[in-house]
Amino acid sequence: MVVLTRSLAPLLRTTRLAVRQQKGINPIQQVFGKDANGARCLATAFDRSKPHVNIGTIGHVDHGKTTLSAAITKRQAEKGLANFLDYGSIDKAPEERKRGITIATAHIEYNTENRHYSHVDCPGHADYVKNMITGASSMDGAIIVVAASDGQMPQTREHLLLARQVGVQKIVVFVNKVDAIEDKEMLELVEMEMRELLTTYGFEGDETPIVLGSALCALDGRQPEIGAQKIDELLKAVDEWIPTPQRDVEKPFLMFVEDVFSIPGRGTVASGRVERGLLKRDAEVELVGKGEAPIKTKVTDIEIFKKSCEESRAGDNSGLLLRSVKREDVKRGMVIAKPGTVKAYKKFLCSMYVLTKEEGGRHTGFSDNYKPQLFLRTADEAAALHWPADVPDRSKMVMPGDNVEMECELHSPLAIETGQRFNIREGGRTVATGLVTRVIG
Ligand SMILES: Nc1nc2c(ncn2[C@@H]2O[C@H](COP(=O)(O)OP(=O)(O)OP(=O)(O)O)[C@@H](O)[C@H]2O)c(=O)[nH]1
Ligand SMILES: [Mg+2]
């Protein structure tokens, strides 16, 4: 247990596989070489006395998401409700440090008096929207950070749209960098525009809490009236506005795999947010999607935020140690489920909205057999879109702004279910959003 505890801890906090792979860094070496934040203690039981909620920071590049995430842990640490994580231990990959931007999502943890939070700090840069989608797909609610100095920008809009699409229900707005703004009217304008934007994307723009402050002042311990006090206000808004979701613990267990790594001598660990159900240690499970046949295995250990657990429940961010499964057999986007409860499919009917040029979408239409990339939960998969069989004119174009029903065929099968939302991206931008309306086969 101690070995698992040590090794899982940094990885559950920080999902950086992509960067490690890019840079050729061995994740295992990094895990064993560095033991961030005192993970050398013996595993203690995961405390379930407070309701657990998954949130995170989204928004345009450089607007202050990581600074705010660090500031929250600082403020909560002062109250004995978190371990302080400074900026550098959230954005810690060498490339992130060099470029001063977030690339991979980072998972952090803190409490308020009322609830326990798992918080994903997402990248804002347009090139890393893919990582943002994965991060947001585990959130029950989100904090959108918008710098007062810039106002809303392209990824402020894209992230709101994507958050809505992956099922985030409630948003709290943090208007950041107010220390850099003299003009009060400017702040009012940013607030007004954010309310309008929220409404445009289907959130409750008029009622959404908007907190104006400075993450940097909070982190540096300056000007508490726009620093620390605003963090308190923000967390109060998060506590009150983002409801504790009803978790589907009654349904059969299902978790989308977000990250995979191996621990020498122990085996392969898959981590992710549990969608539904409850899993006990030593339960039999099946890995479904991406490959041909489902892989049967057993979960021999469970860990949540470096704490060992007897069980993993809907809403938890868990690491599952899988018996006799090779690391390369487990891929992001697969699901781990109760045997026999889910199947992987390649074809489904969907209802889609195609974004306009103004919404950041394509400038031109597309036709039958269009081949974009599909993002569903943690999965991303090459897809081909076709007109359904009952459409007589197959040469018909789909234009930006259209609502259409199409048939989607995936390159490799995924655990698709009716009602799931997905995004369609191409060449680094989101071009459509959709809903699975019927699974075909
Ligand atoms: N003046 C001022 N600067 C801030 C504030 N918050 C953050 N910054 C600065 O803004 C820059 C970007 O901050 P980050 O926290 O890295 O922004 P981010 O949104 O995480 O950026 P990405 O993750 O790359 O999208 C840094 O130089 C911060 O010091 C603030 O309240 N006031
Ligand atoms: Mg960042």
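Side chains are part of it too, since the values below use all heavy atoms of this structure and drop only hydrogens, waters and symmetry mates. Residues: numbered from 1 along the sequence shown. Everything numeric in this text was worked out from a predicted model, so none of it was measured. Whatever order the structure lists them in is the order used to number ligands and atoms, beginning at 1.
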- Item | Polar atom proximity, I101 to ligand 1 (N or O, under 3.5 Å) | no
- Item | K184 side, atom NZ; L189 side, atom CG - distance, nearest 0.5 Å | 15.0 Å
- Message: Which option wins on minimum heavy-atom distance to atom 1 (N) of ligand 1: L216, D179, L219?
- Response: D179
- Note on the structure: Residue, atom and distance of the protein heavy atom nearest atom 18 (P) of ligand 1 read K65 N, 3.4 Å
- Task: Find the distance between CG (N176) and CD1 (I144) and round it off to the nearest 0.5 Å.
- Result: 12.5 Å
- Query: Does ligand 1 have any atom that is closer than 4.0 Å to a heavy atom of V145?
  - Reply: no
- Judging by distance only, is a nitrogen or oxygen of G100 under 3.5 angstrom from one on ligand 1? no
- Closest heavy-atom approach to atom 11 (C) of ligand 1 among H63, K177, H125 is made by K177
- Item | Which atom of V178 lies closest to which atom of S214, heavy atoms considered | CG2-N, 4.2 Å
- Item | From CG (L435) to OG1 (T437), nearest 0.5 Å | 7.0 Å
- Where is the nearest protein heavy atom to atom 21 (O) of ligand 1: which residue, which atom, and how far? D62 N, 3.0 Å
- When rounded to the nearest 0.5 angstrom, what is the spacing between CD in Q373 and CZ in R425? 10.0 Å
- Message: When you measure from the Mg ion (ligand 2) to the N, O or S atoms of T102, does any of those distances fall below 2.8 Å?
- Response: yes
- Would you mind listing which atoms of ligand 1 come within a distance below 4.0 Å of any non-hydrogen atom of Y87? 14 (P), 15 (O), 16 (O)
- So does K170 pair up with D140, basic N to acidic O under 4.0 Å? no
- State whether any protein heavy atom lies less than 4.0 Å from atom 30 (C) of ligand 1. yes
- Side chain to side chain, D121 and I108, heavy atoms closer than 4.5 Å: no
- Query: Are T134 and E258 side-chain neighbours, meaning at least one heavy-atom pair lies under 4.5 Å?
  - Reply: yes
- Task: Would you please indicate if the ring centroids of F422 and F348 are separated by under 6.0 Å?
- Result: yes
- Message: Under 4.0 Å from a heavy atom of S214: which atoms of ligand 1 are those, numbered in the order shown and with their elements?
- Response: 30 (C), 31 (O), 32 (N)
- Answer yes or no for A215: is there a heavy-atom contact with ligand 1 below 4.0 Å? yes
- Consider every N or O of T67 and every N or O of ligand 1, then say whether any pair is closer than 3.5 Å. yes
- Determine, counting only non-hydrogen atoms of the protein, whether one lies under 4.0 angstrom from atom 27 (O) of ligand 1. no
- Stacked cation flag R273 on F256, 6.0 angstrom / 45 deg: no
- Task: List every atom of ligand 1 that sits less than 4.0 Å from any heavy atom of T102, numbering the atoms from 1 in the order shown and giving each element.
- Result: 20 (O), 22 (P), 23 (O), 24 (O)
- Query: Do any nitrogen or oxygen atoms of L68 come within less than 3.5 Å of a nitrogen or oxygen of ligand 1?
  - Reply: no
- Message: Among all protein heavy atoms in this structure, tell me which lies nearest to atom 17 (O) of ligand 1, with the distance rounded to 0.1 Å.
- Response: G64 N, 3.1 Å
- Item | Smallest separation among heavy atoms of S118 and H52, with atom names | CB-CE1, 3.4 Å
- Message: Parallel, tilted or perpendicular: which one describes the rings of Y370 and F366, with boundaries at 30° and 60°?
- Response: parallel
- Query: Is the distance from the Mg ion (ligand 2) to the nearest N/O/S atom of T67 under 2.8 Å?
  - Reply: no
- Item | Subset of ligand 1 atoms that lie under 4.0 Å from at least one heavy atom of V61 | 24 (O), 25 (O)
- What is the closest protein heavy atom to atom 6 (N) of ligand 1, and at what distance does it sit? N176 ND2, 3.1 Å
